[in-house]
Amino acid sequence: LFPISAASSTPRNKQNCPPLGLESLRVDDSQIQASSYQRSGLGPHRGRLNIQSGIEDGDLYDGAWCAEYKDRHQWLEVDALHLTLFTGVILQGRNSIWSWDWVETYKVQMSNDSVTWHTSMNGTQEALFEGNQNPETPVLGLLPVPTVARFIRINPQTWYSNGTVCLRAEILGCRVHDPSDIYSAHESGSKDALDFRHHNYKEMRKLMKSVTEECPDITRVYTIGRSYMGLKLYVMEISDNPGKHEIGEPEFRYVAGMHGNEALGRELVLNLMQYMCKEYKKGNQRIVRLVTETRIHLLPSMNPDGYEEAYVKGSELSGWAEGRYSFEGIDLNHNFPDLNNIMWDTEEKAADKSKVPNHYIPIPEYYTKEDATVAPETRAVISWMQDIPFVLSANLHGGELVVTYPFDCTRDWAPQEDTPTADNAFFRWLASVYASTNLVMANPDRRICHYEEFQSHNNIINGGAWHTVPGSMNDFSYLHTNCFEVTVELSCDKFPHVSELPIEWENNKESLLVYMEQVNLGIKGVVRDKLTKKGIADAIIKVEDHDHDIRSATDGDYWRLLNPGEYKVIVWAVGYFPSMRRCNVGMEPNPTICDFILTKTPIQRLKEIRAKGGKIPQDLQLRLRALRLRKLRASTKAINRRREGQRMRRARSSQAWKA
């Protein structure tokens with residue numbers, strides 16, 4: 001062992017070294033051992049900071065390492081695989097809805113060979129570290145003297161009186177260079193020169209400003225509202241014509257930080273805007289194509305109040321939930337209008353389900369009242385969705401490794417039930433695109449994060465099949481706007497240490513780019529008036545056998561995401577005759593152009609002319625006369641058929657009476 005003198009060590013009030021990676025799964029199960037354990041579900045591999053338990057106690061995935069015996073000879077051991085300067089331990093109790101267990105005090109022992117152990121000393125006495133007072137709050141214990149060793153043990157001394165010896169932990173330590181260590185090969189980070197660190201509100205704002213200064217021709221920063229505490233919700237726009245919607249160009253968005261403590265998404269979005277700026281300037285054709293063909297919007301922090309709360313504690317000490325909710329205590333992913341049940345209830349009551357709206361479902365009146373429990377952050381995002389005709393989006397979360405797709409809310413309030421949309425096949429494609437290109441999700445040998453195994457589902461799952469989420473942003477986006485949205489759970493660790501950020505960027509970089517490129521799949525076009533050639537807003541675009549319509553934007557342009565195939569598409573608008581055409585979507589990653597020309601009905605033309613006080617043209621008079629004549633003939637035929645039917649019934653009745 002090599003103790004480091006206090007004079008040469010980092011001050012005790014700081015976390016000198018990064019975590020070894022128990023929480024992030026960098027530390028393999030094989031590196032963790034214990035003196036004993038109650039059963040496999042409470043084995044040493046479960047002693048990881050912030051690991052979550054299954055619903056039932058007694059399953060294979062419980063929420064801590066728990067020793068079989070309640071005595072002071074129990075220990076949890078971690079093999080760092082190489083010489084490490086150990087500086088501290090972070091301890092947490094057992095995650096369980098049924099049991100309360102935590103360690104109140106403990107000692108730390110270190111070794112170079114896992115045979116001879118030396119206890120961490122505080123002067124001449126063995127150091128006794130303060131542990132937990134509840135199951136969830138992480139507590140940091142810094143070693144009085146940082147020490148170089150390969151193995152480290154946590155040795156509980158006292159524990160909650162009504163509980164048992166259970167803990168979750170993280171170890172802080174810096175790798176020590178050792179030429180003879182076969183495990184000391186340099187770990188890859190990222191070759192991209194990006195600002196890899198956690199950014200608080202001021203630092204985030206400063207970084208976004210620096211990107212706009214570096215790439216003023218393709219970027220713009222704007223705000224969509226404020227949080228409860230007054231922090232602005234900043235959005236970075238990346239486009240070859242920032243600030244303007246170009247006809248035919250699809251709109252894309254990434255939203256991160258809905259849960260403030262799920263910090264990785266925030267940093268990935270900040271990385272993405274830096275990367276696109278730098279690569280555009282280099283002439284990277286893939287990035288140039290994205291910038292010129294798509295209008296991209298990046299919201300790094302939907303819940304800045306929650307993030308600031310988690311940021312103060314830091315990546316290892318914020319726990320599993322601190323900063324998750326808004327300042328008012330609202331879970332923003334349950335805070336959008338529940339349009340699912342409005343649609344399903346209407347379908348059940350309707351005599352003809354085909355008449356029930358399947359898109360642009362209006363926000364219920366109760367939700368719009370001033371006293372409704374709606375966070376200002378949610379109101380801001382809804383207004384943003386209504387202002388911009390988004391086509392595709394992803395909502396970046398953390399704490400698992402899986403991509404979920406709508407519906408998130410189940411029918412009849414079932415806790416778990418596969419609840420597909422009319423576009424289920426395309427949503428599965430979207431989810432697969434991200435999951436299959438994410439370096440961690442795509443690794444068949446990866447360990448599960450907590451207690452759910454998603455690899456057999458290719459790391460994608462229907463939101464309702466995972467757990468029901470009424471009022472989710474994904475479902476609202478699909479039912480109230482034209483936008484398709486999935487949720488990406490980016491990592492097991494909600495708030496990775498700063499040292500993990502370069503690796504996480506590499507894990508997600510390709511996924512972030514290839515997912516944006518999916519905005520160009522399917523069909524797109526412009527719906528125009530035959531006479532004026534102007535675009536028609538709010539025209540309804542219906543794809544046969546797809547029970548989900550979309551609408552054209554203000555300029556008449558539309559985008560309909562579809563898998564390859566041939567589709568019968570019908571378009572209609574108020575005051576126009578409907579139009580139909582067949583559109584073929586190929587395998588190429590480019591949209592099929594399907595424009596529509598609509599002709600106004602004579603009655604609509606007449607209404608518009610009369611409204612302007614103008615003279616009715618002769619051709620329109622002739623068409624109206626012909627229309628009235630057709631209606632007269634049709635009604636006459638109907639009357640004659642009805643009269644003929646009545647006459648025949650009377651005749652049959654008369655014959656029957658005579659007989």
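The figures that follow rest on heavy atoms only: side chains count, while hydrogens, waters and symmetry mates do not.
- Taking the six-membered ring for Trp, Trp559 and Phe390 have ring centres at least 6.0 Å apart.
- In this structure, a donor-acceptor pair under 3.5 Å is present between the side chains of Thr487 and Asn474.
- The one candidate from Arg266, Arg205, Glu377, Glu308 that meets the side chain to side chain donor-acceptor pair (under 3.5 Å) condition with Ser301 is Arg266.
- Distance check, rounded to the nearest 0.5 Å: OG1 of Thr592 to CZ of Arg560 gives 13.5 Å.
- Between Lys191 and Glu506 there is no salt bridge, since no side-chain nitrogen of the basic residue lies less than 4.0 Å from a carboxylate oxygen of the acidic one.
- Of the N and O atoms on the side chains of Glu400 and Trp466, not one donor lies less than 3.5 Å from an acceptor on the other residue.
- A donor-acceptor pair under 3.5 Å is formed between the side chain of Ser436 and the backbone N or O of Ser432.
- At a cut-off of 3.5 Å, with distance as the only test, no side-chain donor of His467 or Gln416 sits close to an acceptor on the other residue.
- The structure places NZ of Lys530 at 10.5 Å from OG of Ser579, a figure rounded to the nearest 0.5 Å.
- Between the side chain of Lys568 and the backbone N or O of Val543, no donor-acceptor pair lies under 3.5 Å.
- Using a 3.5 Å distance cut-off with no hydrogens or angles, the side chains of Asn590 and Asn520 do not pair a donor with an acceptor.
- Judged purely by distance below 3.5 Å, without hydrogens or angles, the side chains of Asn563 and Trp429 never pair a donor atom with an acceptor atom.
- Other residues, nucleotides and ligands contribute over 12 non-hydrogen atoms within 6.0 Å of the OH atom of Tyr201.
- If you check the side chains of Asn459 and Tyr434, you find no donor sitting under 3.5 Å from an acceptor.
- Proximity of the aromatic rings of Tyr254 and His297 is defined here by a centroid distance below 6.0 angstrom, and this criterion is not met.
- In this model, no donor atom of one side chain and acceptor atom of the other lie less than 3.5 Å apart for Glu510 and Thr437.
- Classification of the Tyr405-Phe427 ring pair by plane angle, with boundaries at 30° and 60°, yields parallel.
- Using a cut-off of 4.0 Å between Lys/Arg side-chain N and Asp/Glu carboxylate O, Arg411 and Glu347 are scored as salt-bridged.
- Checking side-chain atoms of Asp529 against main-chain N and O of Thr599 turns up no donor-acceptor pair under 3.5 Å.
- Within the model, atoms CD of Glu504 and CG of Leu490 stand 8.0 Å from one another, a figure rounded to the nearest 0.5 Å.
- Note that Arg582 lies outside the cation-pi zone of Tyr567, set by a 6.0 Å cut-off to the ring centre and a 45° limit from the axis.
- Remark: aromatic rings of Phe577 and Trp572 are distant, center separation not under 6.0 Å.
- Side-chain polar atoms of Thr410 and Glu417 form no donor-acceptor pair below 3.5 angstrom.
- Side chain of Glu267 to backbone of His199: a donor-acceptor contact under 3.5 angstrom is found.
- A salt bridge does not link Arg528 to Asp557: none of the charged side-chain nitrogens sits closer than 4.0 Å to a carboxylate oxygen.
- One finds a salt bridge joining Lys278 and Glu214 here, because a Lys/Arg side-chain nitrogen approaches an Asp/Glu carboxylate oxygen to under 4.0 Å.
- Checked by atom type, the side-chain pair His259/Asp331 shows a donor-acceptor distance below 3.5 Å.
- Ion pairing between a basic and an acidic side chain is recognised when a charged N comes within 4.0 Å of a carboxylate O; Arg295 and Glu246 show no such pairing.
- Side-chain atoms of Ser227 and Asp305 form a donor-acceptor pair, as typed in the model, at a separation below 3.5 Å.
- Side-chain atoms of Asn438 and Asn508 include a donor-acceptor pair closer than 3.5 Å.
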